[in-house]
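Only one structure is covered here, and it is reproduced in the block below.
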Amino acid sequence: MRQTVDWYFDFISPFAYFQHRTLVADHPDIEIRYHPVLLGALFVRNEHKGPAEIPSKRIMTYRFCAWYAARHGIPLRFPDVHPYRPVNVLRLALAAGVNADTVSRIFEYIWVEGKSPDRPERLEELSARLGVADCMSAIGNQDIKDRLRQNTERAIELGAFGVPTAVVDGKLFWGHDQTPMLIEYLDNRGLFESGEYKRLESIRDGLTG
């Protein structure tokens, strides 16, 4: 039976790029339902900073991504500006019809060609590649804006605090490093229902009561 995953992501994340490549290349049997979200809104809601907002964590994260990509043979060139304002490229993905091909092309533009998509000329170039006429009109469409906002609000309701976040059966799998666990869960939906997995749900939080 074909498995389905709801996937919440922002193009600003290199880990979303990594996970998307893995899912598309290695698990074509999985149907991905794409939900672009504004990562910054998740940070605001959960009152924490992103890794790029902490100087020492920023360079550490960038180095890890470069190392990971080289070790696994993944093409990677960081965009010339990062972090950037991602709202317009997220809206463009929705306007282009957010699917595996569209998402892959946008990730490649940012993370393989190394082009930050926040400049108007870059957005126009990417829009033309995706076949979206009148880029500024498309991303300014109120329905597109509403869909991005609704996706982000839904992610917050589900408990998402970062990207990429895959959701299956109401369970959240955050980050590229959880991809193997996500795949195992898809093969065994009772994975977390016994033993130590089950006990984890009853551990008391000693800081808040």
Side-chain angles (χ1 to χ4, degrees), residues 6-24 32 34-66 68-69 74-96 98-100 102-127 129-130 135 139 144-145 147-156 158 160-167 172-179:
D6 285 291
W7 198 60
Y8 293 83
F9 70 100
D10 188 331
F11 294 106
I12 202 169
S13 167
F15 299 104
Y17 162 61
F18 291 155
Q19 187 173 61
H20 190 251
R21 282 184 61 94
T22 299
L23 291 176
V24 170
I32 302 173
Y34 293 93
H35 307 283
V37 300
L38 194 58
L39 177 59
L42 303 188
F43 289 156
V44 170
R45 175 63 178 81
N46 291 284
E47 299 181 342
H48 67 250
K49 292 182 177 181
E53 297 178 86
I54 303 170
S56 58
K57 191 173 184 179
R58 180 174 186 257
I59 189 60
M60 185 183 299
T61 301
Y62 291 0
R63 283 173 180 157
F64 174 78
C65 289
Y68 181 89
I74 298 172
L76 178 73
R77 179 179 177 83
F78 257 79
D80 44 3
V81 175
H82 193 276
Y84 55 83
R85 297 186 183 278
V87 63
N88 284 337
V89 74
L90 291 165
R91 291 174 181 169
L92 178 60
L94 289 165
V98 60
N99 55 41
T102 296
V103 171
S104 293
R105 289 187 182 198
I106 296 175
F107 272 131
E108 288 172 6
Y109 186 86
I110 298 169
W111 293 106
V112 178
E113 296 183 38
K115 295 180 178 179
S116 171
D118 57 338
R119 303 210 307 258
E121 65 273 19
R122 292 272 178 84
L123 205 61
E124 291 285 355
E125 178 185 37
L126 184 54
S127 178
R129 293 189 190 185
L130 297 174
C135 172
I139 65 176
I144 294 297
K145 292 180 178 180
R147 286 172 61 192
L148 179 59
R149 175 179 52 80
Q150 290 161 5
N151 282 351
T152 304
E153 290 175 352
R154 178 58 178 158
I156 291 171
L158 289 168
F161 49 85
V163 297
T165 293
V167 181
L172 277 59
F173 299 82
W174 168 62
H176 174 55
D177 55 338
Q178 291 199 10
T179 306

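Here, residue 1 is the first one in the sequence, and each next residue gets the next number.
With rounding to the nearest 0.5 angstrom, the CG atom of L90 is 15.0 Å from the CZ atom of R149. To the nearest 0.5 Å, the span separating CG on L172 from CD on Q178 amounts to 9.0 Å. Note that CD1 of I32 is 8.0 Å distant from CD of Q19, once rounded to the nearest 0.5 Å. Separation of atoms CG (L148) and CZ (R91) is listed at 6.5 Å; rounding is to 0.5 Å. Within the model, atoms CD1 of I106 and CG of L126 stand 5.5 Å from one another, a figure rounded to the nearest 0.5 Å. Rounded to the nearest 0.5 angstrom, W174 CH2 and L42 CG are separated by 11.5 Å.
A salt bridge between R154 and D6 is absent, with no side-chain N of the basic residue lying under 4.0 Å from a carboxylate O of the acidic one.
Across every non-hydrogen atom of S13 and F107, the tightest pair is O-CE2, 4.2 Å. Minimum heavy-atom separation, P83 to I12: CB-CD1, 3.8 Å. Taking each heavy atom of S116 and D80 in turn, the nearest pair found is N-OD1, 3.1 Å. Smallest separation of non-hydrogen atoms from V112 and R77: O-CB, 3.5 Å. Heavy-atom minimum distance, L39 versus G162: CD1-CA, 3.9 Å. Considering all non-hydrogen atoms of both residues, F11 and V103 come closest at CE2-O, 3.8 Å.
Under the 3.5 Å distance criterion, the side-chain polar atoms of R129 are left unmatched by any main-chain donor or acceptor of R105. Without hydrogens or angle criteria, T102 side chain to V98 main chain gives no donor-acceptor distance under 3.5 Å. One N or O on the side chain of E53 and one on the backbone of G50 form a donor-acceptor pair closer than 3.5 Å. Under the 3.5 Å distance criterion, the side-chain polar atoms of N46 are left unmatched by any main-chain donor or acceptor of H48. Distance alone, capped at 3.5 Å, places no donor-acceptor pair between the N151 side chain and the Y8 backbone. Under a 3.5 Å cut-off, the side chain of T152 and the backbone N or O of L38 do form a donor-acceptor pair.
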Applying side chain to side chain contact (heavy atoms under 4.5 Å, CB included) to E125 and K115, what does each step give before you reach the verdict? CA-CA 11 Å; E125 178 185 37; K115 295 180 178 179; 3.4 Å; yes
Show your reasoning for whether side chain to side chain contact (heavy atoms under 4.5 Å, CB included) applies to Y68 and F15. CA-CA 10 Å; Y68 181 89; F15 299 104; over 6 Å; no
Worked verdict on F78 versus W111 for side chain to side chain contact (heavy atoms under 4.5 Å, CB included): CA-CA 6 Å; F78 257 79; W111 293 106; 3.5 Å; yes
What's the verdict on side chain to side chain contact (heavy atoms under 4.5 Å, CB included) for L123 and I139, showing C-alpha distance, side-chain angles and the deciding distance? CA-CA 10 Å; L123 205 61; I139 65 176; 3.6 Å; yes
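Residues L76 and C65 are in side-chain contact: their nearest non-hydrogen atoms beyond the backbone lie under 4.5 Å apart. Using a 4.5 Å heavy-atom threshold, the side chains of I110 and Y17 count as separate.
Aromatic pair H20/F9: ring centres not closer than 6.0 Å.
Within 6.0 Å of atom CD in E47, 12 or fewer heavy atoms from other residues, nucleotides or ligands are found, so the atom counts as exposed in its surroundings.
Residues Y62 and R58 have side chains that bring a donor and an acceptor to within less than 3.5 angstrom of each other.
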